[in-house]
Amino acid sequence: DEAQKESALGRAFQLANRARVHAQQAYRNKPENLTDAQWETQRVAVFSRIFMTLGVVHYTRNDYGKASKEYNKVIEYNT
């Protein structure tokens, strides 16, 4: 039903935003045991998944403008 769907989307949005905040904090400084390439690969993978999740939430809510912005962030991280 629509109420359950919106509740699940709201929860997904909250979790993805929380993940974004934590990732921004975690990826401020590269650990010494990782090469620059390893660090960048991890950073791209994490942020791409977060922004893809946010995009899916917006898309499912028919908010195509916000979905597009999130998907564009995924593209930026991967180019």
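The model shown is predicted, which means the values in this text are computed figures rather than measured ones.
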ask   = Ignoring hydrogens and geometry, is there a side-chain-to-backbone donor-acceptor pair from Gln38 to Thr35 under 3.5 Å?
value = yes
task = Hey, could you give me the CD/CZ distance between Glu76 and Phe47, rounded to the nearest 0.5 Å?
result = 13.0 Å
request  = Could you please spell out the steps behind the side-chain contact (heavy atoms from CB on, under 4.5 Å) verdict for Gln24 and Arg28?
outcome  = CA-CA 6 Å; Gln24 286 171 334; Arg28 284 189 183 145; 5.7 Å; no
request  = Search all heavy atoms of Lys66 against all heavy atoms of Asp63 and return the closest pair with its distance.
outcome  = CD-OD2, 3.1 Å
request  = Could you tell me whether Asn78 atom CG has more than 12 heavy atoms of other residues or ligands within 6.0 Å of it?
outcome  = yes
message = Let me check something: do Leu15 and Phe51 share a hydrophobic cluster, defined by ILVMFWY side-chain heavy atoms less than 4.5 Å apart, either directly or through other members?
response = no
query = Tell me, do Asn17 and Arg20 make a side-chain contact under 4.5 Å, heavy atoms counted?
reply = yes
task = Is it possible for you to say whether Val21 and Ile50 belong to one hydrophobic cluster, with membership spreading through side-chain heavy-atom contacts below 4.5 Å?
result = no
inquiry  = With rounding to the nearest 0.5 angstrom, report the CZ to OG1 distance, Arg49 to Thr53.
reply    = 9.5 Å
key: Salt bridge Arg61-Glu6, side-chain N to carboxylate O under 4.0 Å   = yes
Side-chain donor/acceptor pairs under 3.5 Å, residues 68-75, sequence neighbours excluded:
from  : atom 1 : to    : atom 2 : distance (Å)
Tyr71 : OH     : Gly55 : O      : 3.3
Tyr71 : OH     : Val56 : N      : 3.4
Asn72 : ND2    : Ser68 : O      : 3.2

inquiry  = Between Tyr64 and His58, is there a side-chain heavy-atom distance shorter than 4.5 Å?
reply    = no
ask   = Between CH2 of Trp39 and CG of Asn29, what distance do you get to the nearest 0.5 Å?
value = 7.0 Å
